[in-house]
Amino acid sequence: MLNSQAPSQTKLDRNTNDNSIFISVQPYQRWLIIGFYLVYLVYVGFQQTSSNINNLTQVFAALSLNLVLLAVPFLLYKPSYGWFHPLIAGSLFTFLNQVLRFTPLYTDGLDTHMALPGMDAESLTSLVAFRLVLSSIGLIAYYIGFFILPIPPIPQLHFPKPVRVGLKASLVVAFSLLVFLIFIQSRGGLASHLLAWTAGDGRRLELEDYEYQKFLIRCGTYACLCWLALERYAFLRPSFWVCSGLSLGMSFLTTGSRSNVFFPIVLGLVIWMFRERKISPFKFSLVLILGFFVFSILGGFRSEIDFSSGTVPWERLTDFSQTFSDTSMERYTRRNTSGDATLAILALVPNTVKFLYGQSYWALLTFPIPRILWPEKPEFTGPLAGRIFFGSTAGFPPDAVGEAYWNFHIAGIIFVFLLYGILHFWLAAWFRKNLNTPAMILLYSVTLFFLIPTTLAVSNWAEYIIIILVFCVLSGRVSLSSRHV
């Protein structure tokens, strides 16, 4: 029986519904996506013919299985699904994040790896195929969790009507700005803070003791997203764009993380499309192009900071001539190929490196405790992988497959993705039950796109959700006018 414990609202996910709350996918759009998956597979197969690595056929076979499984939600589509249903959005996000960005590995194989200097090209390419097989096992487990296993009870949210959202969001941004200025002053000024990143390699260790400051500074970004979600025409207000730009700038200058700039922009677009109940290919493509510029320009700025000479290349932020040719793109490519932590885990665990046996997941529970109070508290897999496999202080976070495998072998992958499938069915049901709650679109979107089964992602999601929930409650219950208090 399919999820027999689910309440009546969740059963709509498996029955026909001509007006999907997740924004319906038209038949021709489904077949276009399936066709794109097929064309991508043919492209990979064609490119493999020019490679001199013999076992690329293993990669092709494993990739074929993976793409068939990703196409399942489109092949078995029901009218109650839609673009933002967990099955559909999950398939597209997985393709973009876990398939498309690794295309060079599938077409050319891998001839060298930073953590595996003793392995030849064929052995490394076999690891790529093995990773795809494990990903397929994870997808099968995910579908079992989504379609078959029972789900927990679904809560009903009760938020009062939002009051003066723009003013309160602006006050939160002002508070984040105050924290940012105090933080920068404590670091000896903005230039000294940026130079301490040491060209990017030491940012994680340099900022390790400032988690609470980073959290408070990021509050401004998510207050602006709450503003966008709770006030329909917020994007028409100049104050909204000023607050948003200021918040994104502070986030980047605090941590040097480009994702802290790009992902909120994407999330804002998702909120707009979800609320207006229409998909805008033009706006989505525009944001993707903007994302390439953001990643390249900010990455180039970050990588060209010269610690030895004390130079901060401010002019790089307005230099578009090197947008797609700088070292930041090279670093991104390296992280997806020779610097891929998951491949190192699959090659060395458990024969050379021991299983973690849940250590990285335990780190989630200890995350709120400052490391200055508990220096030996468990670490996330990114820093662990950097130190153990790459001999680096930089973080090399593995994907969900790599982290689950490092903890509990293949059984860990099955268990984690079973839970992930249950979560996504529960999430769709939760959205249906709380559809009329003003903040639901934001809560749902953040959970759908940020809550993926890695400890780093879960910790980031928890941070976002805390900020959003607190702001939404304050927006409804706190007002500068006494009659609203």
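FYI, side chains are in, hydrogens and waters are out, and symmetry mates aren't considered; it's all heavy atoms of this structure.
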Point to revise | Contact check, side chains of Ile345 and Thr381, non-hydrogen atoms, under 4.5 Å | key: no

**Study point:** More than 12 heavy atoms of other groups within 6.0 Å of Arg237 CZ
**Key:** no

**Study point:** Atom CH2 of Trp83 with >12 non-hydrogen neighbours under 6.0 angstrom
**Key:** yes

Review point. Is Arg30 close enough and on-axis enough to Tyr81, meaning under 6.0 Å and within 45°, for cation-pi?
Key: no

Point to revise | Leu384 side chain reached by Gln359 side chain, heavy atoms, under 4.5 Å | key: yes

Practice item. Among Phe84, Trp430, Phe274, find the residue that satisfies the ring-ring contact (aromatic ring centres under 6.0 Å, His included) test when tested with Tyr444. Key: Phe274

Check your understanding: Step by step, would you call Thr94 with Tyr142 a side chain to side chain donor-acceptor pair (under 3.5 Å)?
Key -> CA-CA 12 Å; Thr94 301; Tyr142 169 84; over 6 Å; no

Revision key, fill the gap. Given the options Phe263, Tyr464, Trp227, Tyr222 meets ring-ring contact (aromatic ring centres under 6.0 Å, His included) only with Tyr464

Revision key, fill the gap. Which of Val446, Thr447, Leu448, Ile452 passes side chain to side chain contact (heavy atoms under 4.5 Å, CB included) with Phe450? It is Val446

Exercise for review: Could you point out which residue of Cys224, Ser239, Pro264 forms a side chain to side chain contact (heavy atoms under 4.5 Å, CB included) with Ser244?
Suggested key: Cys224

Check your understanding: Of Phe425, Trp426, Tyr420, which meets ring-ring contact (aromatic ring centres under 6.0 Å, His included) against Phe146?
Key -> Phe425

Practice item. With sequence neighbours excluded, tell me which residues meet side-chain contact (heavy atoms from CB on, under 4.5 Å) with Ser136. Key: Leu65, Asn66, Leu69

Exercise for review: Tell me, yes or no, whether the heavy-atom count around Phe390 atom CZ, taken from other residues, nucleotides or ligands under 6.0 Å, exceeds 12.
Suggested key: yes

